[in-house]
There are 2 protein chains.
Amino acid sequence: MSGKDTYKDLLKTGNLKSTKHRNALLETLEQSGLPLTAEELFLRLKEKNVSISLSTVYRILETLVDKGFVIRSQLATGNKALYELSHKDHHHHLHCVRCRQIFPVDGCPLEDYEQLLADRFGFTVTGHNLEVFGYCEKCKDHKQDG
Amino acid sequence: MSGKDTYKDLLKTGNLKSTKHRNALLETLEQSGLPLTAEELFLRLKEKNVSISLSTVYRILETLVDKGFVIRSQLATGNKALYELSHKDHHHHLHCVRCRQIFPVDGCPLEDYEQLLADRFGFTVTGHNLEVFGYCEKCKDHKQDG
DNA sequence: CTCCAAAATAAGAATCATTCGCATTTGCAT
DNA sequence: ATGCAAATGCGAATGATTCTTATTTTGGAG
Ligand SMILES: [Mn+2]
Ligand SMILES: [Mn+2]
Ligand SMILES: [Zn+2]
Ligand SMILES: [Zn+2]
């Protein structure tokens, strides 16, 4: 499940060289399953004894976003960007405002809406971002707390 | 339509003093109708001969967001936050990726979805952000251009 | 109206995520 | 194996936002 060249073919489709940094970063994103910040990735790579510069993490992420292999998102409140693999099906996340946990939710409620926008406004939709805030099951009872 | 104390009552409901800066900023947001960055607000205030510091623009915006009078949002791609009045009905925006124009759209396609999230995941939704990207009517023909 | 304490502002420094510049190393086609 | 373009390391630079502190303004008490 974990090799140096696991993502060689994927990278090749983007005309990108297969480097240990790119493979390790992609593997880390895959193992996470949840979106991570550049710094979180940097730290997880360190734990795996992958020596890498934070600049390189950012550079690799930028490249992978350009190629469409990675999705970048940014919370309205948060200051750091989040990155996750895009090879999974399109989906969204629930953000618990108390414990900060992120819950992925399969599927998307916006397909009909995008068609409506095309019909009514002549707007050709190419993508969207949706983030939902609230209290997760464990935190809903503490809704009043600080 | 334009006075120094136009928003005195609104501000009072938030225990905020009615200052010329706050009134002018709120008036500018109201006149815009579209979300603006802190810097855009700063420049529009200058044009109105309102002498204000950029730090103050940020500080006022933070205060108004805390009180719920202003909505702050951040594009996944963009680096600057956008601010708009929240006293209007809940709505979303279309972002043209070519001409960068923003088109407000009344209404929200997510009410049913939020109920579904509550039922299926026990997640108590308190809010959401939705941004739709694509090509506006004028730009759709140039979809291939740089 | 005058005066005071609290709140708000100006100005610039500080912060922090992200990007850049350039020297060095690495991947990969030949 | 060789050479060159691509990738990386590392520190400096950038830019949006926040913070610090002195000064000014507001709203209310007297
Ligand atoms: Mn979606
Ligand atoms: Mn909405
Ligand atoms: Zn929670
Ligand atoms: Zn357009």
Side-chain angles (χ1 to χ4, degrees), chain A residues 3-26 28 35-43 45-46 48-67 69-70 72-83, chain B residues 3-26 28 35-43 45-46 48-67 69-70 72-83:
Chain A
K4 347 175 187 286
D5 275 350
T6 315
Y7 299 91
K8 186 171 187 172
D9 293 343
L10 175 73
L11 289 166
K12 180 164 277 181
T13 69
N15 282 101
L16 300 175
K17 292 185 176 176
S18 175
T19 70
K20 69 165 188 263
H21 299 91
R22 283 170 178 169
N23 279 282
L25 189 151
L26 285 164
T28 306
L36 299 175
T37 67
E39 193 178 14
E40 285 168 344
L41 274 164
F42 174 69
L43 294 173
L45 288 168
K46 250 190 175 172
K48 292 183 178 185
N49 292 333
V50 175
S51 162
I52 191 173
S53 155
L54 181 56
S55 324
T56 302
V57 173
Y58 276 107
R59 228 177 347 225
I60 290 177
L61 286 170
E62 183 186 23
T63 303
L64 296 176
V65 168
D66 281 349
K67 296 296 182 181
F69 300 152
V70 165
R72 175 192 159 127
S73 59
Q74 183 129 17
L75 293 208
T77 51
N79 40 341
K80 303 184 187 180
L82 295 170
Y83 302 86
Chain B
K4 347 179 187 284
D5 276 350
T6 314
Y7 300 90
K8 186 171 191 172
D9 292 343
L10 175 73
L11 290 166
K12 180 164 277 181
T13 69
N15 281 101
L16 301 175
K17 292 186 175 176
S18 176
T19 69
K20 70 165 187 260
H21 299 91
R22 284 171 176 166
N23 279 283
L25 189 151
L26 284 165
T28 306
L36 299 176
T37 66
E39 193 178 12
E40 284 168 345
L41 274 164
F42 173 69
L43 294 174
L45 288 167
K46 250 190 175 172
K48 293 182 177 185
N49 291 335
V50 175
S51 163
I52 191 174
S53 156
L54 181 57
S55 327
T56 302
V57 173
Y58 276 107
R59 200 161 354 89
I60 290 176
L61 286 170
E62 182 187 24
T63 302
L64 295 176
V65 168
D66 281 350
K67 295 297 182 182
F69 300 153
V70 164
R72 176 192 158 127
S73 60
Q74 183 131 17
L75 294 207
T77 51
N79 42 341
K80 303 185 188 181
L82 293 171
Y83 302 86

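Keep in mind the model is a prediction, meaning the values are calculated, not measured. Convention: sequence-line order gives letters A, B, ...; per-chain numbering from 1.
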> Quick one: bend of the helix from C:dC1-D:dG30 to C:dT30-D:dA1 from 5 pairs per end, to 10°?
Replying inline: 30°
> In Å and rounded to the nearest 0.5 Å, what is the CG to CZ distance from A:Leu82 to A:Arg72?
Replying inline: 9.5 Å
Could you pull out every donor-acceptor pair under 3.5 Å between side chains of residues 9-16 of chain B and any protein atom, sequence neighbours left out?
residue	atom	partner	partner atom	Å
B:Thr13	OG1	B:Leu10	O	2.6

> Hey, what do you get for CD (A:Gln74) to OG (B:Ser73), rounding to the nearest 0.5 Å?
Replying inline: 11.5 Å
> Atom OG1 in B:Thr19, atom NZ in B:Lys8: separation rounded to 0.5 Å?
Replying inline: 12.0 Å
>> In this structure, how many angstroms lie between the C1' atom of C:dT18 and the CZ atom of A:Phe42, rounded?
In response: 14 Å
> Under the salt bridge (Lys or Arg N to Asp or Glu O under 4.0 Å) rule, what pairs show up with a residue in residues 52-62 of chain A, not counting sequence neighbours?
Replying inline: none
> Hey, does A:Ile60 have a side-chain heavy atom less than 4.5 Å from the side chain of A:Leu26?
Replying inline: no
> Given atom CG of A:Leu41 and atom P of C:dT18, what is their separation to the nearest angstrom?
Replying inline: 11 Å
>> Contact between B:Leu25 and B:Leu64 at the side-chain level, heavy atoms closer than 4.5 Å - yes or no?
In response: yes
> What string of B, S and - do you get for nucleotides 21-28 of chain C, 5' to 3', when a contact is any protein heavy atom under 4.0 Å?
Replying inline: B-----BS
> Is a side-chain donor-acceptor pair under 3.5 Å present for A:Thr6 with A:Asn23?
Replying inline: no
> Within less than 4.0 Å of OP1 or OP2 of C:dT19, is there a side-chain N or O belonging to A:Tyr58?
Replying inline: no
>> What is the separation between atom CG on A:Leu43 and atom P on C:dA17, rounded to the nearest whole Å?
In response: 12 Å
> What is the distance, rounded to the nearest whole Å, between atom CG of B:Asn79 and atom P of C:dT19?
Replying inline: 9 Å
> Mind checking which nucleotides bracket the chain B contacts on DNA chain D, 5' to 3', with an atom under 4.0 Å from a heavy atom?
Replying inline: D:dA16 to D:dG27
>> Between C1' on C:dA8 and CD on B:Glu62, what's the gap in Å once rounded to a whole number?
In response: 13 Å
> Does B:Tyr58 have any side chain to side chain contact (heavy atoms under 4.5 Å, CB included) partners at least two apart in sequence or in another chain, and if so, which?
Replying inline: B:Ala38, B:Leu54, B:Tyr83
> Would you say B:Lys20 has more than 12 foreign heavy atoms packed within less than 6.0 Å of its NZ?
Replying inline: no
> Distance from B:Thr56 atom OG1 to B:His21 atom NE2, nearest 0.5 Å?
Replying inline: 6.0 Å
>> Classify B:Thr63 by what it touches in the nucleic acid, base, sugar-phosphate, or nothing, heavy-atom distance under 4.0 Å.
In response: nothing
> When the nearest nucleotide of DNA chain D is assigned to A:Leu54 and to B:Leu82 on a heavy-atom basis, which residue is associated with the more 5' position?
Replying inline: A:Leu54
